[in-house]
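First the structure, in the form of structure tokens, and then the observations on it.
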Amino acid sequence: MKGKLIIVSGPSGSGKSTVTKIVKDKLNIPLSISATTRNPRDGEIDGKDYFFLSEEEFKNKIANDEFYEYAKVHGNYYGTLKKTVEDNLNKGLNVILEIDVQGALIAKEKKKDAILVFFRTKDMEVLEKRLRDRKTDSEEVIQTRLKNAETELKYENKYNYTIVNENLENSIQELIDIIEG
Ligand code: 5GP
């Protein structure tokens, strides 16, 4: 029996990471660690939060066909390794990928029964406030992320479900219901 592939996307600041992390813990879903060429933020650990690679290392993995999907997001490369996804699905384990909209559509092409879940805030004001409140990014990065959010929101209609993330507990339950449904 194969596991389900659940793909979570949404603008940076939509709260998708917080909800996904809690749901993974609750449902014992293994972590899937992406590779990226962006620099680690304070406190992020290589091999735990991401595999932090140089652009050259990332491009070598592209050439070796090691990625299930990859995309350029906010000026950096991000990708899911094939091994991460295929090993777990074959073991019958569910896999949650938290990836951008371009990567989500690539993964959906590969696995037609993948479940796509889109996270967003009620409006752009809430999103901007969340990005500022987390104090992890420079003004320039915040502006890039807000601009990208407008593009990402145009993809919402390609997703199977939307979670409007206003209340943490409700969003966690909604995601659990989608996965178990
Ligand atoms: P952040 O830099 O905030 O960790 O992530 C930025 C964006 O990259 C988020 O939208 C996140 O979902 C996306 N992302 C993270 N890992 C992957 C991946 O493996 N593939 C793709 N396509 N996007 C990813």
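Both counts, for ligands and for their atoms, begin at 1 and track the order of listing. Owing to the predicted nature of the structure, the values given are computational and were not obtained by experimental measurement. For the single chain, residues carry numbers from 1 onward in sequence order.
- Of the protein's non-hydrogen atoms, E69 OE2, 2.7 Å is the one closest to atom 20 (N) of ligand 1.
- In this structure, a donor-acceptor pair under 3.5 Å is absent between the side chains of Q173 and E169.
- Considering only non-hydrogen atoms, atom 17 (C) of ligand 1 lies nearest to Y78 out of Y70, Y78, F51.
- Nearest protein neighbour of atom 19 (O) of ligand 1, counting heavy atoms only, is S34 OG, 2.7 Å.
- Between D113 and K4, no side-chain nitrogen of the basic residue sits less than 4.0 Å from a carboxylate oxygen of the acidic one, so the salt-bridge criterion is not met.
- With salt bridges taken as basic N to acidic carboxylate O contacts below 4.0 Å, none links K24 and E98.
- Screening V117, L116, T20 for a side-chain contact (heavy atoms from CB on, under 4.5 Å) involving I6 leaves a single residue, V117.
- Of the protein's non-hydrogen atoms, the one nearest atom 7 (C) of ligand 1 is V73 CG1, 3.9 Å.
- For the ligand labelled ligand 1, residue Q102 lies outside the 4.0 Å heavy-atom shell.
- The pair E125-K129 does not meet the salt-bridge criterion, since no charged nitrogen lies less than 4.0 angstrom from a carboxylate oxygen.
- Between E69 and T80, the side chains place a donor N or O and an acceptor N or O closer than 3.5 Å (distance only, hydrogens not considered).
- Only the side chain of R145 comes within contact range of ligand 1, with a heavy atom under 4.0 Å; no backbone atom does.
- Those atoms of ligand 1 that come under 4.0 Å of a heavy atom in A71, given as number and element, are 22 (N).
- Nearest protein neighbour of atom 11 (C) of ligand 1, counting heavy atoms only, is E98 O, 4.1 Å.
- For ligand 1, one of its N or O atoms has an N or O atom of G79 under 3.5 Å away.
- With a 4.0 Å heavy-atom cut-off, ligand 1 is reached by the side chain of R41 but not by its N, CA, C or O.
- In summary, the atoms of ligand 1 found under 4.0 Å from a heavy atom of R38, numbered by their order in the structure, are 1 (P), 2 (O), 4 (O).
- The existence of a salt bridge linking R132 and E128 is confirmed by a sub-4.0 Å separation between a basic side-chain nitrogen and an acidic carboxylate oxygen.
- Atom 9 (C) of ligand 1 has K16 NZ, 4.0 Å as its closest protein atom, hydrogens excluded (heavy atom only).
- For atom 4 (O) of ligand 1, the closest non-hydrogen atom on the protein side is Y50 OH, 2.5 Å.
- Ranking protein heavy atoms by distance to atom 22 (N) of ligand 1, first place goes to D100 OD1, 2.7 Å.
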Side chain to side chain donor-acceptor pair (under 3.5 Å) evaluation trace for T36 with N76: CA-CA 7 Å; T36 182; N76 288 300; 5.7 Å; no
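- For the salt bridge (charged side-chain N to carboxylate O under 4.0 Å, His left out) with E66, the lone residue among K83, K61, K82 that qualifies is K61.
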